[in-house]
Amino acid sequence: MNKKWISTAVVLTLTTALTFSCEQGSIDASEKSQDAESEAIAELSQEDLELLKQAKKFFKPLPEVAEPTGYAMNDDMVSLGKKLYFDTRLSKSNTISCNSCHNLASFGVDNNPTSIGHKWVAGPRNSPTVLNAALHTAQFWDGRAEDVEEQAEGPILNPIEMGSPHEEFVIDRLRTIETYEDLFAAAFPDEPQPLTYKNMARAIGSFERTLMTPDRFDDFLRGDGNALTAAEKKGLKSFMDVGCTTCHSGPVLGGQIFQKFGLIKGPYWEYTGSENIDEGKYEVTGVESDKYMFKVPGLRNIAKTAPYFHDGSVWDLEKTIEIMGVTQLGKELTEEQINEIVDFLEALTGELSKEARTLPILPRMGKETTKPDFS
Ligand code: HEC
Ligand code: HEC
């Protein structure tokens with residue numbers, strides 16, 4: 001039985017079962033990319049093939065969208081979520097949006113050691129990037145939110161982030177902006193009362209699920225041997241051989257597990273020079289073994305998201321890698337190894353889709369004009 005016949009049979013069975021033409025389209029597309037991938041791999045040099053085999057044990061290409069498990073996303077939800085993400089009216093003062101601390105024009109971060117929120121007070125932690133974050137198995141440095149939808153409920157009510165006093169306050173504010181009623185109704189068509197705090201968070205979460213930034217490393221993982229330069233390939237090999245992959249793996253090169261900062265050599269602050277001691281996951285659970293445990297951050301776009309670590313205590317990527325070598329692996333990396341790894345990490349700078357990069361048109365002011373409020 002030839003391959004073409006099998007694929008036709010699969011498509012036919014599915015189309016008769018589902019009669020969704022889009023299903024057929026996606027099957028054809030994924031088969032095409034499978035074929036292209038096999039063709040590309042057949043052309044790899046022996047050395048590249050070995051490297052690709054090793055890399056595939058640890059990494060995966062980014063998906064187009066981080067699909068949610070508990071609900072079905074739709075385009076209206078994503079487009080509403082994007083407006084909410086940029087809307088400063090979710091904050092008490094009317095001046096701070098998600099984008100203030102996770103700027104999509106600067107790789108989803110604010111590039112401050114720790115973020116500045118309501119009344120311009122600095123918080124205790126560095127803002128991690130929202131790009132590709134929806135793929136993490138938990139959100140926040142200490143993993144206290146399960147997914148991006150749950151996470152999005154937090155900052156709006158956080159007194160040192162967006163400072164809104166309670167959920168009703170936010171929903172009342174949104175109700176004064178007429179267009180939002182219609183946008184929520186379109187995004188949640190089956191609900192009698194669509195404008196709720198939960199749905200607001202869900203819409204923002206669904207937008208975040210589209211913030212994937214594919215890069216040349218993904219092309220390499222799909223078999224394109226020319227996607228990375230010789231120096232970047234050397235760096236990839238070092239990254240794996242040194243053991244960074246015990247923690248930084250998966251499609252985002254992190255975001256999958258928690259580990260103690262200072263696992264082999266600590267305490268961490270002796271290396272980072274941190275002034276405030278953050279106890280990580282322990283601050284949420286109170287469990288002794290969670291002391292100094294942090295979520296292993298993803299490394300996509302890492303060359304652009306300085307300063308580094310949970311408190312932004314280190315600006316320099318070379319120094320960050322040197323510290324990782326010592327604290328997490330008990331290894332003094334040579335300058336050459338560090339430089340090679342930097343070369344590889346720089347190849348992880350990706351691109352958002354055009355849709356995600358285009359600024360939304362926000363609904364205009366409603367009946368009641370809201371003024372800056374710094375109380
Ligand atoms: C004042 C700055 C500020 C604002 C405004 C803000 N954030 Fe954050 N965000 C942070 C900081 C700081 C953290 C890390 C806090 C922690 O881990 O304890 C964070 C964490 C996150 C994370 C977790 C990422 C990861 O890798 O764990 C996501 C996702 C996120 N924010 C999305 C949002 C969304 C969506 C909004 C708007 C509803 C928002 N943030 C508003 C500063 C901010
Ligand atoms: C045993 C687990 C582990 C190993 C091995 C490990 N890391 Fe990490 N890495 C972490 C954790 C945990 C953090 C977060 C520490 C913090 O900020 O509290 C981190 C943070 C980082 C950061 C900063 C990310 C950011 O957004 O601020 C970089 C860069 C990094 N690691 C690179 C590496 C490299 C390169 C290697 C190999 C030399 C490596 N790591 C090995 C667990 C590990």
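Keep in mind that this is a model prediction, so the values were computed, not measured. Numbering starts at 1 and runs along the sequence shown. Indexing begins at 1, ligand by ligand and atom by atom, following the structure's order.
Ligand 2 lies out of reach of Phe258, whose nearest heavy atom is not under 4.0 Å from it. Distances from ligand 2 to the non-hydrogen atoms of Tyr268 include no value under 4.0 Å.
A salt bridge is defined here as a Lys NZ or Arg NE, NH1 or NH2 lying under 4.0 Å from an Asp or Glu carboxylate O, and Lys56 with Glu37 meets this definition. A salt bridge does not link Arg125 to Asp311: none of the charged side-chain nitrogens sits closer than 4.0 Å to a carboxylate oxygen.
Shown in contact with Glu208 at under 4.0 Å from a heavy atom are these atoms of ligand 1, numbered in order with element: 29 (C), 32 (C), 35 (C).
Nearest protein heavy-atom contact of atom 26 (O) of ligand 2 is Ile302 CD1, 3.5 Å. For atom 5 (C) of ligand 2, the nearest protein heavy atom (residue, atom name, distance) is Thr246 OG1, 3.5 Å. At the top of the distance list for atom 17 (O) of ligand 2, counting protein heavy atoms only, stands His310 N, 2.7 Å. What sits closest to atom 24 (C) of ligand 1 on the protein, heavy atoms only, is Gln139 OE1, 3.4 Å.
There is a side-chain donor-acceptor pair under 3.5 Å between Asp110 and Ser127. If you check the side chains of Ser238 and Gln337, you find no donor sitting under 3.5 Å from an acceptor.
Contact annotation: for Leu84 versus ligand 1, there are no heavy atoms closer than 4.0 Å. When heavy-atom distances to ligand 1 are checked against a 4.0 Å cut-off, Thr114 has no atom that comes that close, whether in backbone or side chain.
Within a 6.0 Å sphere centred on CD of Glu318, heavy atoms belonging to other residues, nucleotides or ligands number more than 12.
Residue-to-ligand polar distances place Arg144 within reach of ligand 1: an N/O pair is separated by less than 3.5 Å.
The tally of protein N/O/S atoms under 2.8 Å from atom 8 (Fe) of ligand 2 stands at 2.
Note: the hydrophobic cluster containing Tyr85 also contains Phe188 (ILVMFWY, side chain heavy atoms under 4.5 Å, direct or indirect links). Under the 4.5 Å side-chain heavy-atom criterion for Ile, Leu, Val, Met, Phe, Trp and Tyr, Val242 and Leu263 are members of distinct hydrophobic clusters.
Of the candidates Ile341, Thr320, Val342, Asn126, it is Thr320 that places a heavy atom closest to atom 29 (C) of ligand 2.
Atom 8 (Fe) of ligand 1 has His102 NE2 as protein N, O or S atoms under 2.8 Å away.
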